[in-house]
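For the single chain, residues carry numbers from 1 onward in sequence order.
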Amino acid sequence: NKQPWQECMAWCERGYSGLETSFLCVEDYSFRGITPDCVPDECRLGIPTKVGLIIADGCMGLRTGQRCVASCTTGLTGDDLEYECSADGYLRESSSGQVGVVPSCASSFAPVETVGASSTATFSAFLLVAGFDP
């Protein structure tokens with residue numbers, strides 16, 4: 001309830017950055033002023049990562065309200081998950097709103113059975129993920 005010639009302040013909502021600006025209530029009880037120039041903040045927390053297991057390249061550098069998908073790396077199976085950059089700076093899994101939820105990835109290699117003349121053996125192929133510096 002501002003009266004003519006009283007001032008009020010405007011600012012960016014949570015999840016956005018910008019300078020606070022002032023508005024002036026004029027004689028017809030409308031406001032005059034320049035709205036703040038609000039820029040979405042970058043999400044730097046909660047990025048779904050497990051080196052060698054999850055691909056989430058599109059989740060880096062997202063800003064408030066933007067979305068991305070994380071998936072299992074080649075050779076692994078699992079459901080893709082969608083994430084949204086929330087106003088608190090965390091990337092949250094979209095369906096649950098939780099932080100720290102990552103795709104559940106499993107080896108896509110099936111057990112292989114070999115049958116010999118006198119015995120049967122079962123071998124399971126598995127993925128070894130390693131990194132090294134040359």
Side-chain angles (χ1 to χ4, degrees):
N1 297 356
K2 293 290 182 183
Q3 297 299 313
W5 311 117
Q6 287 184 319
E7 185 177 71
C8 64
M9 302 306 290
W11 55 88
C12 299
E13 67 180 287
R14 186 174 183 208
Y16 296 82
S17 298
L19 297 175
E20 196 173 86
T21 62
S22 63
F23 281 79
L24 184 65
C25 178
V26 293
E27 293 163 347
D28 66 357
Y29 291 92
S30 65
F31 289 95
R32 302 279 189 252
I34 298 173
T35 56
D37 185 18
C38 301
V39 177
D41 293 336
E42 184 177 344
C43 276
R44 297 173 187 248
L45 305 168
I47 297 170
T49 58
K50 280 191 180 178
V51 177
L53 300 176
I54 296 173
I55 299 170
D57 298 340
C59 294
M60 303 298 224
L62 290 184
R63 298 190 170 272
T64 302
Q66 292 182 319
R67 294 176 177 261
C68 69
V69 174
S71 58
C72 298
T73 192
T74 304
L76 299 179
T77 59
D79 293 331
D80 294 351
L81 291 179
E82 184 179 52
Y83 298 84
E84 182 173 357
C85 179
S86 61
D88 63 3
Y90 281 92
L91 205 58
R92 296 178 178 275
E93 194 272 323
S94 295
S95 66
S96 68
Q98 298 295 309
V99 174
V101 177
V102 295
S104 180
C105 300
S107 174
S108 58
F109 297 105
V112 176
E113 257 187 48
T114 59
V115 180
S118 62
S119 66
T120 301
T122 301
F123 300 92
S124 293
F126 54 93
L127 180 66
L128 175 62
V129 178
F132 65 92
D133 278 332

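In terms of the side chain to side chain donor-acceptor pair (under 3.5 Å) criterion, residue partners of E84 (sequence neighbours excluded) are, by chain and number, R67. Under the disulfide (SG to SG under 2.5 Å) criterion, C8 pairs with no residue at all, not counting sequence neighbours. Annotation: side chain to side chain donor-acceptor pair (under 3.5 Å) contacts of S17 (sequence neighbours excluded): D41. The side chain to side chain donor-acceptor pair (under 3.5 Å) check on S71 picks up nothing, with sequence neighbours excluded. Scanning for salt bridge (Lys or Arg N to Asp or Glu O under 4.0 Å) contacts around D37 gives an empty result, with sequence neighbours left out. Shown here are the side chain to side chain donor-acceptor pair (under 3.5 Å) partners of S30, two or more places apart in sequence or in another chain: D28, R32.
Residue V102 comes nearest to L81 through the heavy atom pair C-CD1, 3.5 Å, listed as atom of the first residue, atom of the second, then distance. Minimum heavy-atom separation, A56 to A70: CB-CB, 3.9 Å. Nearest heavy atoms, R92 versus G97: NH1-O, 3.0 Å.
Listed by first and then second residue, the disulfide (SG to SG under 2.5 Å) pairs involving residues 41-96 are C43-C85, C59-C68, C72-C105 (not counting sequence neighbours). Residue pairs meeting the salt bridge (charged side-chain N to carboxylate O under 4.0 Å, His left out) criterion with at least one partner in residues 9-21, sequence neighbours excluded, do not occur; the list is empty. Within the structure, salt bridge (charged side-chain N to carboxylate O under 4.0 Å, His left out) contacts touching residues 49-65 (residues at least two apart or in different chains) do not occur.
When hydrophobic side chains of Ile, Leu, Val, Met, Phe, Trp and Tyr are connected at separations under 4.5 Å, V99 ends up clustered with L45, Y90. Within the hydrophobic cluster formed by Ile, Leu, Val, Met, Phe, Trp and Tyr side chains joined at under 4.5 Å, directly or through other members, W5 is accompanied by L24, V26. In the hydrophobic clustering, M9 connects to W11, either directly or through intervening members, whenever side-chain heavy atoms lie under 4.5 Å apart.
A side-chain contact (heavy atoms from CB on, under 4.5 Å) with P48 is found for one member of V69, L91, V101, I55 and no other, namely L91.
Side-chain atoms of F31 and K2, non-hydrogen and from C-beta on, do get closer than 4.5 Å to each other.
Around the CG atom of D79, the shell of radius 6.0 Å holds no more than 12 heavy atoms that belong to other residues, nucleotides or ligands.
Here the CG atom belonging to L62 is positioned 11.0 Å from the OG atom belonging to S86, to the nearest 0.5 angstrom.
Of the possible donor and acceptor atoms, one in the side chain of S94 sits under 3.5 Å from a partner among the backbone N and O of E82.
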